[in-house]
Number of protein chains: 2
Amino acid sequence: MDRPLTPKGAATRKRIVEGAAEVLRESSVVDATLDDIRRQTGTSKSQLFHYFPRGKDELLLAVAQYEADRVLDDQQPHLSCLTSWDAWRRWRDVVVERYRAQGDTCPLGALLLQTGRTTPGARAIVVTLMERWQRELAAGMRAMRDAGHLPPDFDPDQASAALLAGIQGGVAIMLSTGRSTHLEAALDTAITQMRAAGDRVTT
Amino acid sequence: MDRPLTPKGAATRKRIVEGAAEVLRESSVVDATLDDIRRQTGTSKSQLFHYFPRGKDELLLAVAQYEADRVLDDQQPHLSCLTSWDAWRRWRDVVVERYRAQGDTCPLGALLLQTGRTTPGARAIVVTLMERWQRELAAGMRAMRDAGHLPPDFDPDQASAALLAGIQGGVAIMLSTGRSTHLEAALDTAITQMRAAGDRVTT
DNA sequence: CCTAAACTGAACCGGACAGTCCATTCCGAG
DNA sequence: CTCGGAATGGACTGTCCGGTTCAGTTTAGG
């Protein structure tokens, strides 16, 4: 991650990453070759290795990081202000829509399987993504609790962990079935459960 | 899937599938070569193509089916008799233990990513697995409802979908983090939620 | 301009690996 | 015993693809 060099070469690097991401989305990771990426990005082999000296794995890792960043960005600004039931509902809709649009490709998952989960780099990307994601959810839950919409004994840590798991599984199932029912069920039951707990406190 | 031929050559086929499954578990799918499988199973190239004429994909698909069958088998007999809170708890423990033991390999997921989700065969395997799994969960919930442990307006279809999603996501997260916290959170909140609903009916 | 360094392009290499081919062995039926 | 087909072994091959090399071109600073 040394970057002493980059006037406009940085733009090229960015173009490579984004182009590679596009290639990896439409074709499976196993099928995608460096030549495909080269063609798509209008670059050549040597550039790929110029910007990613350690080869394909390094490039894939960069793409993985790029995709990971997009995951949370795509949920903004809703994810960061889950302070009302209405906000939760809007966020839910955004998540469902985002993954429904993504269809049956899971760029991140495929990438990480390719580079190998054992690779510390790959592991780190997904771990920090999950941590940040869950932290946002838990923060929203705490806000709701502090505002009195949830009972004081509500456990945001466990609830956010369960919700995150439900989202991941819902997306995974959608990849195979093509239906978003499980993702919606996971989101809806989680929110319904919270509202039920909230009703109990107001009663 | 023509099987007019197999006195005890079928045993060889079985040996190949099981040996291949073993290989695929310890090494990633991308790394595993036919030679690895050949070596592990004590067979030769020609046999692999004799029993799986359509090549590696056909073999991988057979292994995927084998792994898929194991998933539910490993949860028996608990999965099929979720008729008491105690049974639910036991099942929960079995699931957590099973996946914790499996560690950071996901044979099925890796296989399906390799053969491609678009392949009708691969899709079918995972879809039917999910359907059967969810049906078992929903059956357990209905049994609990009929026994009066859950309120009549409890929706087993949605709840089982959400629970299944939570399990899948919990396992997926465990693959990257190595921690089973999310899987446990998903299971525990689902069961806790059911018990809370049940308490409401008895009150 | 000029020159050095950053950048680009394309031909090339070497290894790995799925799949083929044929020779050999095994086994059961007649 | 023997004949035929199934089962097996293993060498061989064609291809694909990550990675290298090097010669050519643009860019920036003086």
Side-chain angles (χ1 to χ4, degrees), chain A residues 1-20 23-24 26-64 110-111 113-116 119 121-122, chain B residues 1-20 23-24 26-64 110-111 113-116 119 121-122:
Chain A
M1 299 293 174
D2 36 350
R3 302 275 183 71
L5 29 123
T6 37
K8 76 165 200 181
T12 305
R13 189 194 142 100
K14 190 182 170 198
R15 194 175 80 238
I16 291 175
V17 171
E18 290 174 359
V23 170
L24 293 171
E26 34 208 46
S27 68
S28 169
V29 184
V30 274
D31 303 331
T33 76
L34 289 185
D35 275 325
D36 292 335
I37 296 171
R38 189 187 54 67
R39 208 174 304 128
Q40 168 80 23
T41 60
T43 56
S44 76
K45 270 285 187 62
S46 63
Q47 301 179 64
L48 264 43
F49 284 87
H50 178 68
Y51 293 109
F52 304 95
R54 290 216 304 264
K56 195 181 189 183
D57 279 353
E58 191 180 353
L59 172 55
L60 290 181
L61 216 58
V63 176
L111 280 166
L113 259 169
Q114 173 79 355
T115 59
T119 311
Chain B
M1 300 295 172
D2 36 348
R3 303 275 184 72
L5 22 127
T6 35
K8 58 195 316 186
T12 304
R13 188 194 143 101
K14 191 183 171 196
R15 195 175 81 237
I16 290 175
V17 171
E18 289 174 0
V23 171
L24 293 170
E26 35 207 47
S27 68
S28 169
V29 183
V30 273
D31 304 329
T33 76
L34 289 185
D35 274 326
D36 291 335
I37 296 171
R38 189 187 55 69
R39 206 174 305 125
Q40 168 79 22
T41 59
T43 56
S44 73
K45 265 296 184 52
S46 62
Q47 299 179 66
L48 264 42
F49 284 87
H50 179 67
Y51 293 109
F52 304 94
R54 289 215 303 264
K56 195 181 190 184
D57 280 353
E58 191 180 354
L59 171 57
L60 290 181
L61 216 57
V63 176
L111 281 165
L113 261 168
Q114 173 79 353
T115 58
T119 312

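Residue numbers begin at 1 in each chain, while the letters A, B, ... track the order of the sequences. Values reported hereafter were calculated over all heavy atoms of this structure, with side chains retained and with hydrogens, waters and symmetry mates removed.
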Whole angstroms only, please: what is the [atom1]-[atom2] distance between [X] and [N]?
{"X": "A/Asp36", "N": "D/dC17", "atom1": "CG", "atom2": "P", "result": "8 Å"}
{"X": "B/Asp57", "N": "C/dC17", "atom1": "CG", "atom2": "P", "result": "16 Å"}
{"X": "B/Phe49", "N": "C/dC22", "atom1": "CZ", "atom2": "P", "result": "16 Å"}
{"X": "A/Arg15", "N": "C/dT8", "atom1": "CZ", "atom2": "P", "result": "7 Å"}
{"X": "A/Leu48", "N": "C/dC7", "atom1": "CG", "atom2": "P", "result": "15 Å"}
{"X": "A/Ile37", "N": "D/dG19", "atom1": "CD1", "atom2": "P", "result": "11 Å"}
{"X": "A/Arg38", "N": "D/dG18", "atom1": "CZ", "atom2": "C1'", "result": "13 Å"}
{"X": "A/Phe52", "N": "D/dG19", "atom1": "CZ", "atom2": "C1'", "result": "15 Å"}

Please report the interatomic distance CG(B/Leu24) to CG(B/Asp36), rounded to the nearest 0.5 Å.
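Those atoms lie 9.0 Å apart.
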
Quick one: CD on B/Gln47 to CZ on B/Arg13, what's the gap to the nearest 0.5 Å?
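B/Gln47 atom CD to B/Arg13 atom CZ measures 13.5 Å (nearest 0.5 Å).
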
5' priority, DNA chain D, between A/Arg54 and B/Gly42 [closest heavy atom]
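First, find each residue's nearest nucleotide; the 5'-ward one identifies B/Gly42.
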
Of the options [options], whose atoms approach the side-chain atoms of [X] most closely?
{"X": "A/Tyr51", "options": "D/dT20, C/dC7, D/dT8", "result": "C/dC7"}
{"X": "B/Lys56", "options": "C/dG9, C/dG19, D/dG19", "result": "C/dG19"}
{"X": "B/Thr33", "options": "D/dG19, C/dG9, C/dA18", "result": "C/dA18"}

Taking all atoms of both residues into account, what is the closest heavy-atom pair of B/Val63 and B/Val17, and its distance?
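The pair with the smallest heavy-atom distance is CG2-O, 3.9 Å.
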
Grab the two heavy atoms, one from B/Leu34 and one from B/Lys56, that are nearest each other, plus how far apart they are.
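Smallest heavy-atom distance, with atoms named: CD2-CG, 3.9 Å.
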
Can you check whether B/Ser46 has a side-chain N or O nearer than 4.0 Å to OP1 or OP2 of D/dG10?
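B/Ser46 to D/dG10 OP1/OP2: no side-chain N or O under 4.0 Å.
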
Looking at D/dT8, I'd like to know if its phosphate oxygens (OP1 or OP2) sit under 4.0 Å from a side-chain N or O belonging to B/Gln47.
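For D/dT8, OP1/OP2 do have a side-chain N/O of B/Gln47 under 4.0 Å.
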
Has the side chain of A/Lys45 got a donor or acceptor atom sitting under 3.5 Å from an opposite partner on the base of D/dG19?
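Per atom types, the contact qualifies.
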
B/Ile37 and B/Leu59: side-chain contact (heavy atoms from CB on, under 4.5 Å), yes or no, with the steps?
CA-CA 10 Å; B/Ile37 296 171; B/Leu59 171 57; 3.9 Å; yes

